[in-house]
Each structure stands twice: as structure tokens, then as C-alpha cells.
K.L.:
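I'd like to ask you about the structure that follows.
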There are 2 protein chains.
Amino acid sequence: MTVPTGRRERKKAATRQKIADTALRLFLDRGYDAVGIREVAAEADVAVTTLFSHFACKEALVFEQGEDFEQRLAAAVTDRAPDEPLIPALRGEIQALVRHCTADSTAPVWRMIDATPALRAYEESMRQRCARTLAAAIAADPALSRTETASRTIARFVIDAYALARESDAPEATVDEVFSMIEAAWEAAAPSRRT
Amino acid sequence: MTVPTGRRERKKAATRQKIADTALRLFLDRGYDAVGIREVAAEADVAVTTLFSHFACKEALVFEQGEDFEQRLAAAVTDRAPDEPLIPALRGEIQALVRHCTADSTAPVWRMIDATPALRAYEESMRQRCARTLAAAIAADPALSRTETASRTIARFVIDAYALARESDAPEATVDEVFSMIEAAWEAAAPSRRT
DNA sequence: TTCTAAAAAGCTAACCGTTAGTGTTACGGT
DNA sequence: ACCGTAACACTAACGGTTAGCTTTTTAGAA
């Protein structure tokens, strides 16, 4: 509850960071598949079991940064101005995420992810969790008044926009094009107004 | 090209079938995670390496039947009557697939899949391949005249409909609801007609 | 029929990610 | 100063997967 600044937690965070940094360096250097867990642990000077107490699996080492994805999308729904429409808010957030993936500093990592089936699959599973969180946030907003199914559907569509943009040559234009389709789908799911 | 009825290919198919049958029986009996590859191979009376020459991984053993998924969806696009609209044709196909998953004969398998993270993930990867094939089929039909991006988008949306229906309590109703949203998205992607 | 090339299946032995079991240290609160 | 516990380490294994190599089976030519 106090701001987490015990020596203990600082050391823990440092260990975690050192593992992630070491892993990413080795992976980018020699390829994800060519570097084994035992080697990462040795290079970071920790036991293999310690590594796995910080990260659930090998793939998770790569996604250390940018884990907040999930929170950010949900926040884009819950924290928007009371009269701000949903879809543009989500489009803005997706655009920001896409820009982050294509930024110079992170681009090599994303290129590695795209080139590695295991990492693509892991990212996909993260996206699914993300879609569920987003669906819950949408369904929870009474102002939107859509079906459970419609909420889940739109959430998946939004995640699709991100996935399609990541695969695209012109990510930002792709986001816009997909979102114009999402907008239409969202309107089509509106409750009929003559009650 | 001749109907494949050499002794060789019959024996090979038989071996494959025996492995798949044995695996499914053991999995349904005692749980997917509780049965190891070595045990499946022993029970089917083949070497482990033989098993892996027929199936790419453990998960693939479960999806032996219903692999045609991919072809069927693409066929629903390419084989439809010249003036039949795309979306209803796809909805019909998805409905058929969903019904197949809930049929009494296959329901236990799908229940096992839903209960096993590894199998859910594998199914998701199959869906992605499927979406790509479907996107190609849609993009290849000049009568539809949509963008590459629009084709890919609709393909993903259609696959989403299937995924959402599988997770739903009322699969057929879910398919209909999602498809009404897809229909709107599809129309919104139509090329503007005043050229 | 007999022979041969190749496909299919087998065996061994390992690699790699991951985990259980069991200590050992270092820290935080008392 | 002391105790409970969180963090880390060590060993040893398990389960999926593959490489390397040998043996069996089959298709088709001679």
C-alpha cells in the first residue's frame, strides 16, 4: 500500500529487468529460436527456476514492455468524455499503439516477432485476452446500450483492426479503412429507437 | 490423379487413422494433458517418430476430422451462384459449421477443446490460416470489387462470427446477430458508385 | 520372378521448455 | 536480535519434438 520502494521489491524488479534485457539482447543478436532458456539464465546470472518465477514462458520475455495494451484499450472506453462517441476514441488508441510498434526504437523487436511463429501465436493469445477485457468495458457502459454479443463482436473487430494494421504496409491507412467498416457495424447493432 | 488406391497409400492412411482414433479415444477417456505422446504411440503400436511423420504436433491429433474447414469457406465464396450475394452465403456456411460442432457425435470433442488451453490456441491458429485463405478468395472475385484491406477485414470478421458463436450459449442466434453487423461493414466498404 | 530405389516405419538418443521438490539466503516487521 | 517469508538456487526430472541411422515394405523395372 505504501509506494512500493522496499529494498526487496527494488531488487526483484532489478532482477526481472536484467533478465528481460539480457533475453532481448540475445534474441535480437542471434535469433529467438537459436537462444535457449538455459543460456539466457546463465547470461543474466540467475537460475532457470528464477527466470520462470518472473516470466510465465519463453515468449513472455519478449513482451516485457507494452504489456499495458490491455489496460489502455479498456481505459479508452471508460475514461472518455461523457459525450465522446466510442468508435473514434478506440480508433485513436489503436492508431497510437500501431505507431508505437512502428517507431524506430521498437521496430526491430516487432520485426522479430513477425518472423517467429511462436511469438506470433503468443501475441495472438494476448490479443484475445485483450478483446475480452475490451468487450467487458463496452458492455459495462450503459450509455452505449448494446447487446452482450454486439459488445463482444465490436471488441474483436477492434482487435482485428490492430492485427490487420500490423500486417499491412500502410498501417495507419489500414486502421482508418477498417474502422470505417467497424463504425458501420457498430451502428447496425444500435437498439431500435422506436420503442 | 487416379483415385488414390495403391496398397501403399491405403496402408499409410490406415496407420494415420489408427493413430488419430487411438489418440482421440485416450484423450476423451483420461484427458488431453494426462495422456502423453509416448503412450498414444504405444497404444497405436507405432513408433513416436512415425506418429510425428503423420501429425505435426500433439494438438493436430485432435483436429483430424474437420480439417476441411478452410476449403469449405473458400468454396462458399467461389462456388456460389453468380448473382448470389456474398454475406448470406458465408453466413450459411458458418451456420453449418457451428451446427457440426454442436452435433451430438462431435460435441464431446469440442467440449474437450474448449477445456484445454493448448487446443484452444491451436484452433485459433487454424482460424487465422482460414481467414487468410478466405480473404484471398474474396479478393479474387472481381464481381465483389473491394479493397485488399476490405477483403481481409471481412474475412477476419467472418471468422470472428464463428469464434463468438462457439463461445456462446445460443450459437445460431449469435451467428445471425454478428452477421447483421458484418453485412453493414461489408456495405460500408462498397466502392462509391458515382464515378 | 527377381532386383532395386524409395517410401514408410522403427530405434536410439538427445534437445528444449518447463516444473516439482528441496534447500538457502536476505529482507521486513516485530 | 529474531522470526517468518519472499526471492533465489540446485538438482533432477517430465513431456513434446527432432536428428541420425537402420530395417521393412512396396512399386515398378528388368
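Sequence lines set the chain letters: A, B, ... in the order given, protein chains first and strands last, and positions in each chain run from 1.
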K.L.:
Considering only side-chain heavy atoms of B:Glu59, which listed nucleotide, C:dT18, D:dT17, C:dG10, is closest?
P.N.:
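The nucleotide sitting nearest to the side chain is D:dT17.
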K.L.:
Of A:Leu51 and B:Cys57, whose closest DNA chain D nucleotide lies nearer the 5' terminus?
P.N.:
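Whichever sits nearer the 5' end wins; that is A:Leu51.
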K.L.:
Assign each of B:Ala47 and A:Val35 to its nearest nucleotide of DNA chain C by heavy atoms, then name whichever residue's nucleotide is nearer the 5' end.
P.N.:
B:Ala47
K.L.:
Do you know which two heavy atoms are closest between A:Pro108 and A:Leu28, and how far apart they sit?
P.N.:
O-CD2, 4.0 Å
K.L.:
Taking only the side-chain heavy atoms of A:Arg8 (C-beta and beyond), determine which of D:dC8, D:dT17, C:dA26 contains the nearest atom.
P.N.:
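Among D:dC8, D:dT17, C:dA26, the one nearest the side chain of A:Arg8 is C:dA26.
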K.L.:
Between the side chains of A:Arg91 and A:Glu183, is the shortest nitrogen-to-carboxylate-oxygen separation below 4.0 Å, so that they form an ion pair?
P.N.:
no
K.L.:
At under 4.0 Å, does any side-chain N or O of B:Thr50 touch on OP1 or OP2 of C:dG10?
P.N.:
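B:Thr50 to C:dG10 OP1/OP2: side-chain N or O found under 4.0 Å.
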K.L.:
Please classify the nucleic acid contact of B:Val48 as base, sugar-phosphate, or nothing, using heavy-atom distances under 4.0 Å.
P.N.:
base
K.L.:
May I have the distance from B:Glu9 (atom CD) to C:dA7 (atom P), rounded to whole angstrom?
P.N.:
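Distance, rounded to whole Å: 12 Å.
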K.L.:
Without decimals, in angstroms, what is the distance between B:Phe55 CZ and D:dT18 P?
P.N.:
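After rounding, the gap between these two atoms is 15 Å.
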K.L.:
Check whether any side-chain nitrogen or oxygen of B:Lys11 sits under 4.0 Å from OP1 or OP2 of D:dT26, and answer yes or no.
P.N.:
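The answer is yes; a side-chain N or O of B:Lys11 sits under 4.0 Å from OP1 or OP2.
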K.L.:
Any idea which of D:dC10, D:dT26, C:dC16 is nearest the A:Thr49 side chain?
P.N.:
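Nearest to the side-chain atoms of A:Thr49, counting from C-beta on, is D:dC10.
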K.L.:
How many whole angstroms separate atom NZ of A:Lys58 from atom C1' of C:dT19?
P.N.:
17 Å
K.L.:
Whole Å only: how far is the CD1 atom of A:Ile37 from the P atom of C:dT18?
P.N.:
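About 6 Å, once rounded to whole Å.
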K.L.:
Quick check with a 6.0 Å cut-off and a 45 degree axis cone: is B:Lys58 positioned over the face of B:Tyr122's six-membered ring?
P.N.:
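The answer is no; the distance or angle limit is not met.
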K.L.:
Write down the distance between NZ (A:Lys12) and P (D:dA9), rounded to a whole number of angstrom.
P.N.:
13 Å
K.L.:
Taking CZ from B:Phe52 and P from D:dG20, how many angstroms apart are they, rounded to a whole number?
P.N.:
17 Å
K.L.:
Tell me: CZ of A:Arg38 to P of C:dT18, nearest whole Å?
P.N.:
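Interatomic distance, CZ of A:Arg38 to P of C:dT18: 10 Å.
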K.L.:
Apply side-chain hydrogen bond (donor to acceptor under 3.5 Å, both in side chains) to residues B:Glu43 and B:Thr22 and explain how you reach the verdict.
P.N.:
CA-CA 7 Å; B:Glu43 188 85 5; B:Thr22 304; over 6 Å; no
K.L.:
In whole angstrom, give the distance that lies between atom CZ of A:Arg7 and atom C1' of C:dT25.
P.N.:
15 Å
K.L.:
Can A:Glu124 and A:Arg120 be counted as an ion pair, charged N to O under 4.0 angstrom?
P.N.:
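A salt bridge is absent here (no side-chain N lies under 4.0 Å from a carboxylate O).
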K.L.:
Taking any heavy-atom pair under 4.0 Å as a contact, classify A:Asp33: base, sugar-phosphate, or nothing.
P.N.:
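Here A:Asp33 touches no strand at all.
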K.L.:
Tell me whether the OP1 or OP2 atom of D:dC8 has a side-chain N or O from A:His54 closer than 4.0 Å.
P.N.:
yes
